[in-house]
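Below: one structure, written as structure tokens.
Below, all heavy atoms of this structure are taken into account, side chains as well, without hydrogens, waters or symmetry copies.
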Amino acid sequence: MTLTLAGVGYRYAGASQAALLDVDLELRGGEVVGLAGASESGKTTLCLVAAGLAPRAIGGLLRGRIAIDGADIDAWPMHRLSQQVGIGFQSPANQLSQVAVTAFEEVAFGPMNLALPRDEVLGRTWGALETLGIVDLAERDPRRLSGGQQQLLAIAGLIAMRPAHLVLDEPTAQLDPQGTRLVTDALARLAADGASILVAEQKADVLAALTSRTVVLAAGRVVLTGATEDVLGDPRLPELGVTPPAAVRMRHALRGAGVDAGLLDEALAGA
Amino acid sequence: MARSDRLSAVAGHGLPDFLGRTGPTAYHRLNPLTKATIATTSAVAAVAVGGLIGPAVLLALAVIAPALAAGVLRDLVRTSVLLALPIAISVLVVNLFFYPEGQTELFRIGPVVATAEGLRFAVEILARIMAISGAVTLFYLTTRPSDLVIDLERRGISSRVAFVANASVQTVPAMVERAGQITDAQRARGLDTEGSVWRRLRGIVPIVGPVILGSIAEVEERTMALEARGFTRPGRRTLLWAPADRPAEAFVRWALLVGVVALIVVRLAGILP
């Protein structure tokens, strides 16, 4: 299962400038790819384009080619595409269906919309709740959950659609540290289970913990791409609006002060 | 973590037992459409039948007796009286003092005269108002709105209509919460929401604006989240459960509808007083 973007450009309806320019990106099955960059660099736009919501839901002009396993998805309606690529957003509350009285019904909402057989809906819903470790929330009112719990619930709702790929737009941006840990732990477990995820993320430590590959955007273009370790260690990172992880910053600081950075690596390895 | 995961895996794969629970008493467990029909027909009948005894009998049979059976009489009295109070007071004042055919003087406050005919008319209107607000409150206290929507969807209304109906009901608490937050935020910036009526009215503007605009701003993201979950797929969707219905209940619903139509016809033809 591979999601491919080739030479993709996108301009929002009514905008004079393109929000994405000539983006090439490949998301293979079982791979977790990070998407970093300053605010307004095009992370959210790329998420919307990769999930097919732009232009399907919000209009605008798309260039280039998006394919799943080589098949062009241009003509696919959203409900078909949503079974291949699931997308989650920043705001936990805005992703709720608004009609579910319990978390269980919230997760079942997608499979119900797909008109799957009832037993299939029930099985998928229990399965998604288990995968996210939130079975004990099943009876709770979704609106009364914490932000972190709502975000887990939203991701469970996506997983119940059984997409081959997940696209998550800064899933921890509006969460407190505890909620952030809850979500990153869950994503790490999903990744370990072989899910393929494209995750936009500002927090370098989260990128380091989750992703194997990272793409950095600036002004709608891919400016840096490669193994997450290399990208996060790249000296250009701060000027691209991404704060490197604490360990990288410390190494740079030590080197700047004339201290042998090898000592730090030894100390880290020893710890 | 690992242990709780393993425990939760035992949770089962059927319909969870908390879904499909429709209430503690037999009246709660009636099909939502039956309860809606009882509420609507008794409200219409109270208006059609007129007089004092008709609405009083209706109130006793269609509101108070079921409320007793459902164990919600206390809540019902409190809610329906609060619901009816503003209109009841104005009906009483207007008719007591300004009933056009009022002849018999009861007492007099300055130039206005309270009449016995006015009082009698006001009490008749009040009986109807109480029957209506009682019938509506009884429905509200014994039925979750979402159950009625699920039932209607099972009967064939479109998923979209069902969604809109359900979302409108469910969004009300969220809007109230948001209004509260905005009120606090505006107060923190010096907005005066207390004091004279005029001041309070002026205070509403900077609160209502953000409540409405904020909801509109969210629409795009909410719409996309719905689309991402297959909402725009045409055709019927799967329902996990639906409230039970019985042939006897269907018979009762039709009987009530026929009864209330007959009552209206009889009243219009002038057969009853």
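- At a heavy-atom cut-off of under 4.5 Å, chain B is reached by Met78(A), His79(A), Ser82(A), Ile87(A) from residues 76-87 of chain A, listed in order of number.
- Between Leu153(A) and Leu137(A) the shortest side-chain heavy-atom distance does not fall below 4.5 Å.
- Only the backbone of Leu96(A) comes within less than 4.5 Å of a heavy atom in chain B; its side chain stays farther off.
- Of all residues spanning residues 133-155 of chain B, those with a heavy atom less than 4.5 Å away from chain A's heavy atoms are Ser146(B), arranged by number.
- Of the N and O atoms on the side chains of Asn31(B) and Glu249(B), not one donor lies less than 3.5 Å from an acceptor on the other residue.
- When heavy atoms are compared at a cutoff of 4.5 Å, Ala160(A) does not approach chain B at all.
- Between Val49(A) and Val23(A), every side-chain heavy-atom pair lies at or beyond the 4.5 Å cut-off.
- With Val121(A) as reference, Leu116(A) is the one residue of Asn113(A), Leu114(A), Leu116(A), Val107(A) to meet the side-chain contact (heavy atoms from CB on, under 4.5 Å) rule.
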| request: List the steps, then state whether side-chain hydrogen bond (donor to acceptor under 3.5 Å, both in side chains) holds for Arg189(B) with Gln186(B). | output: CA-CA 5 Å; Arg189(B) 287 186 269 174; Gln186(B) 302 289 43; 3.2 Å; yes
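- With a 4.5 Å cut-off on non-hydrogen atoms, Ser97(A) touches chain B through its backbone and its side chain both.
- At a 4.5 Å heavy-atom cutoff, the contact between Ser91(A) and chain B is made by backbone and side-chain atoms alike.
- Contact check for Thr184(A) versus Lys203(A): no side-chain heavy atoms found under the 4.5 Å cut-off.
- Taking 4.5 Å as the limit, some side-chain heavy atom of Glu105(A) sits within range of a side-chain heavy atom of Leu19(B).
- Using a 4.5 Å cut-off between heavy atoms, Arg236(B) touches chain A through its backbone atoms (N, CA, C, O) alone.
- For the options Asn94(A), Leu48(A), Leu122(A), Val101(A), heavy-atom pairs under 4.5 Å to chain B are most numerous at Asn94(A).
- A heavy-atom distance below 4.5 Å is not found between the side chains of Thr40(B) and Leu257(B).
- Between the Lys35(B) side chain and the His28(B) main chain, a donor and an acceptor come within less than 3.5 Å of each other.
- Against chain B, no residue from residues 191-200 of chain A qualifies, as none has a non-hydrogen atom under 4.5 angstrom away.
- Under the 3.5 Å distance criterion, with hydrogens and angles disregarded, a donor-acceptor pair is assigned to the side chains of Gln151(A) and Gln95(A).
- Using a 4.5 Å cut-off between heavy atoms, Glu220(B) touches chain A through its side chain atoms alone.
- No donor-acceptor pair closer than 3.5 Å links the side chain of Asp141(A) to the backbone N or O of Thr102(A).
- With a threshold of 4.5 angstrom between heavy atoms, Arg143(A) approaches chain B through side-chain atoms but not through N, CA, C or O.
- Taking 4.5 Å as the heavy-atom cut-off, the residues of residues 157-167 of chain B that approach chain A are Phe163(B), Asn166(B), Ala167(B), ordered by number.
- In terms of heavy-atom proximity, Ala57(A) sits nearest to Met224(B) at CB-CG, 4.2 Å.
- Leu33(B) is not listed as a side-chain neighbour of Pro243(B), based on a closest heavy-atom distance of 4.5 Å or more.
- In this structure, chain B has a heavy atom under 4.5 Å from the side chain of Ala108(A), while its backbone stays farther away.
- Atom CD1 of Ile87(B) sits in a sparse spot, with 12 or fewer heavy atoms from other residues, nucleotides or ligands closer than 6.0 Å.
- Pairing each heavy atom of Ala179(B) with each of Thr183(B), the nearest pair is O-OG1, 2.6 Å.
- Interface summary for chain A: among Leu240(B), Leu226(B), Thr232(B), the most heavy-atom pairs under 4.5 angstrom belong to Leu240(B).
- Pro16(B) is listed as a side-chain neighbour of Trp126(A), based on a closest heavy-atom distance under 4.5 Å.
- Contact annotation for Val99(A): both backbone and side-chain heavy atoms come within less than 4.5 Å of a heavy atom of chain B.
- Expressed to the nearest 0.5 Å, how far CG of Leu15(B) lies from CZ of Phe104(A) amounts to 6.5 Å.
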| query | Checking side-chain contact (heavy atoms from CB on, under 4.5 Å) for the pair Leu73(B)/Ile64(B): CA distance, chi angles, key distance, verdict? | reply | CA-CA 7 Å; Leu73(B) 190 60; Ile64(B) 292 173; 4.1 Å; yes
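- At a cut-off of 3.5 Å, with distance as the only test, no side-chain donor of Gln181(B) or Arg178(B) sits close to an acceptor on the other residue.
- In this structure, CD on Gln98(A) lies 9.0 Å from CD on Glu106(A), to the nearest 0.5 angstrom.
- When side chains are defined from C-beta on, Phe18(B) does not count as touching Arg140(A), because their heavy atoms never get closer than 4.5 Å.
- Salt bridge status for Arg65(A) with Asp72(A): present, with a side-chain N to carboxylate O gap under 4.0 Å.
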